[in-house]
Amino acid sequence: DGENLSISESELEKGNLFDLRAELSAQILVFDYKTRNIVFNYPVVAQYTSATRGEPPSKEFISNMFETMLLDADSKVNIFNLLIGKLDKIELNNDQIFRVGVGDVILSESSFKRFPEDIKKSPGILKRQLGQSLVAALASNCEINVLPFIGNTSALTQESDEITNTNAAIGGKMLTRFSNGDIFELNVPEADYSVNLTLRGFSHKLGKATNVQQLVVYGSYINLELSQPFSGQVYCNQNFKNVYVDSVIKGSPSSISRDWFCFNTAISVLFDGLTKHLSSPDKDWAKKFGGEGAFKQMKSASKIIKKCKL
C-alpha cells in the first residue's frame, strides 16, 4: 500500500558513494464481509538496500530494486514471500478485543527545519511514512493487533510550534480495491489504546577525526505517548533518542540527502528497539535511549501491551 525510496550521496577517497534504501509496504487485512468491519491487520514492510559508486544510480537500477521486491520469488526481500511467512504464523483469536492504533503523528517546528524541500512542501508524506513504520514495528515486535494508520496526510494545520494532523482519527473509513476492480469502504474500529508519536527534532555534530576520515553523529528525537482514549488515562509519555554515526572524507561538504538518510536510519533503528523493549522493558536500554524515568514509563506501557497480545 506504499513505496519509498531514499538516496544519499557521500564523498569517499575512491569516488562518491550513493546509498539506496527502497521500501514496499503492504497489509494483511481480515474483515467481516457483511459489516465491512476490519477484524485484524498485520502490516509487512520489505526493505532492499544497495549502493553504487561514481555515477548516481540509473532509473533502470532503481527499477530493478523494486522488481526484485515484487517479482523475484527467490528473494528474501520479496514482499509476497514476507506476507506468506506472516500468514503461516498468524492465529486469529476470536476473544481478542483490545486494539492499538497509532493516532497522531506530530512534526515539531524544530524537526521541520531539517526537512528536505520536498518534505517541507508535502509533510503529510512523512507523517504517513512514520505512522505506517511505527504500526509495522508494533505489530511485528509486540505481536499485537494494530489498526491501520489512516491519518489524513493532506489536511495539515500549524498550531503554536507544532504541525499537526487535523484528521488522524483511528475510527474512520479505509478504501480498498481488490484485484477484480471491486472497491470496498472498510470500517476501521476505534482503538482501545492509542499511541501518539511526536518527532521532536534532530541534531548533527562532528565526532572524532583522523587525517582522512571524519565521524559525523546524527541524532533523532521522538516522544511516545500510550493512552486510553475513552478514559483519558496516560500509561506512557516519554522522550526517546537514538544516534547514527556516519563516516565521511574529512573536509567534504555535507549534503541534505545524506543528512536526511542518516536521520531516517536513526529513527528506523529506534522504532525497532523501542517496540521490542515495550513488551519486555530492559533497564539499561531504557536509560540509554530514554533517560531517567524511562524504565518506569516502559514498565507501565508493557502491561497494556501484554493485554493486547494476539
Check your understanding: Which heavy atom in A191 sits nearest to a heavy atom in G101, and how many Å separate them?
Key -> CB-N, 3.7 Å
Point to revise | Nonpolar side-chain network containing V243, other nodes, edges under 4.5 Å | key: L215, V217, V245
Review point. Are a donor atom and an acceptor atom from the side chains of Q228 and S231 found within less than 3.5 Å of each other?
Key: yes
Practice item. Write out all pairs satisfying salt bridge (Lys or Arg N to Asp or Glu O under 4.0 Å) with one or both partners inside residues 133-143, taking only residues at least two apart or from two chains. Key: none
**Study point:** Same cluster (ILVMFWY, side-chain, under 4.5 Å), M69 and F61
**Key:** yes
Exercise for review: May I ask you to test the P148-V188 pair for a side-chain heavy-atom distance under 4.5 Å?
Suggested key: yes
Review point. Is there side-chain contact between L147 and P189, with at least one heavy-atom pair below 4.5 Å?
Key: yes
Check your understanding: What distance separates I222 CD1 from N239 CG, expressed to the nearest 0.5 Å?
Key -> 8.5 Å
Review point. Which residue pairs pass the salt bridge (Lys or Arg N to Asp or Glu O under 4.0 Å) test with at least one member in residues 193-220, sequence neighbours excluded?
Key: none
Point to revise | Check against side chain to side chain contact (heavy atoms under 4.5 Å, CB included), M174 and L29 | key: CA-CA 11 Å; M174 182 177 183; L29 283 175; 4.0 Å; yes
Check your understanding: Are side-chain N/O atoms of Q47 and E23 paired as donor and acceptor at under 3.5 Å?
Key -> yes
Practice item. Output yes when D32 and R36 qualify as a salt bridge under the 4.0 Å nitrogen-oxygen rule, no when they do not. Key: no
Check your understanding: Is there a side-chain contact between V234 and E225 (heavy atoms, below 4.5 Å)?
Key -> yes
Review point. Using a distance-only test with no angle check, is there a side-chain donor-acceptor pair under 3.5 angstrom linking T198 and N223?
Key: no
**Study point:** Option passing salt bridge (charged side-chain N to carboxylate O under 4.0 Å, His left out) with E117 (candidates K113, R114, K120)
**Key:** K120
Point to revise | F263/Y218 aromatic ring centres below 6.0 Å | key: yes
Exercise for review: Please step through side chain to side chain contact (heavy atoms under 4.5 Å, CB included) for the pair K303 and K299, ending with a clear verdict.
Suggested key: CA-CA 7 Å; K303 295 178 182 178; K299 285 282 286 184; 5.8 Å; no
Review point. Is there side-chain contact between S300 and C236, with at least one heavy-atom pair below 4.5 Å?
Key: no
Exercise for review: May I ask you to check if R21 and F261 form a cation-pi contact, with NZ or CZ under 6.0 angstrom from the six-membered ring centre and within 45° of the axis?
Suggested key: yes
Point to revise | Chi angles and distances behind the salt bridge (Lys or Arg N to Asp or Glu O under 4.0 Å) call for D272, K276 | key: CA-CA 6 Å; D272 185 61; K276 284 178 178 175; 3.1 Å; yes
Check your understanding: If you look only at pairs with a residue in residues 234-263, which of them pass as a salt bridge (Lys or Arg N to Asp or Glu O under 4.0 Å), with sequence neighbours excluded?
Key -> D19-R258, D246-R258
Point to revise | salt bridge (Lys or Arg N to Asp or Glu O under 4.0 Å) partners of residues 59-70, not counting sequence neighbours, each pair once | key: none
Review point. With ring centroids as reference points, do F240 and F271 lie under 6.0 angstrom apart?
Key: no
Review point. Looking at G201 and S111, what are the two nearest heavy atoms and their distance?
Key: CA-CB, 3.8 Å
Check your understanding: Is there side-chain contact between Q129 and N4, with heavy atoms separated by less than 4.5 Å?
Key -> yes
Review point. Checking D182 side chain against T176 main chain: does a donor-acceptor pair fall under 3.5 Å?
Key: no
Check your understanding: Could you give the distance from CG (N64) to OG (S58), rounded to the nearest 0.5 Å?
Key -> 7.5 Å
Exercise for review: Decide if the gap between the ring center of Y221 and the ring center of F202 is smaller than 6.0 angstrom.
Suggested key: no
Review point. So do the side chains of L20 and T49 get within less than 4.5 Å of each other, counting heavy atoms only?
Key: no
Practice item. Would you check if the side chain of N78 reaches a backbone N or O of D72 as a donor-acceptor pair within less than 3.5 Å? Key: yes
Revision key, fill the gap. The salt bridge (charged side-chain N to carboxylate O under 4.0 Å, His left out) partners of E55 (sequence neighbours excluded) come to none
Review point. Is L274 reachable from I267 through a run of I, L, V, M, F, W or Y residues, each pair having side-chain heavy atoms under 4.5 Å apart?
Key: yes
**Study point:** Inter-residue atom distance F115.CZ - I256.CD1, 0.5 Å rounding
**Key:** 13.0 Å
Study note, to complete from the structure: Here the gap from F66 atom CZ to L24 atom CG, rounded to the nearest 0.5 Å, amounts to 5.5 Å
Point to revise | Spatial distance of atom CG (L226) from atom CG (N196) [nearest 0.5 Å] | key: 9.0 Å
Exercise for review: Apply the test side chain to side chain contact (heavy atoms under 4.5 Å, CB included) to residues H277 and M298: give CA-CA distance (whole Å), side-chain angles for both, the deciding distance (0.1 Å), then the verdict.
Suggested key: CA-CA 8 Å; H277 287 89; M298 295 179 70; 3.6 Å; yes
Point to revise | S140 side chain reached by Y42 side chain, heavy atoms, under 4.5 Å | key: yes
Point to revise | Sub-4.5 Å side-chain heavy-atom contact between K287 and F295 | key: no
Check your understanding: Judged by modelled atom types alone, do K76 and N81 share a side-chain donor-acceptor pair under 3.5 Å?
Key -> no
Check your understanding: Is there a chain of hydrophobic side chains (I, L, V, M, F, W, Y, each step under 4.5 Å between heavy atoms) that links L83 to Y48?
Key -> yes
Check your understanding: Mind checking whether Y235 and V195 sit in one hydrophobic cluster, side chains of I, L, V, M, F, W, Y counted as touching below 4.5 Å?
Key -> yes
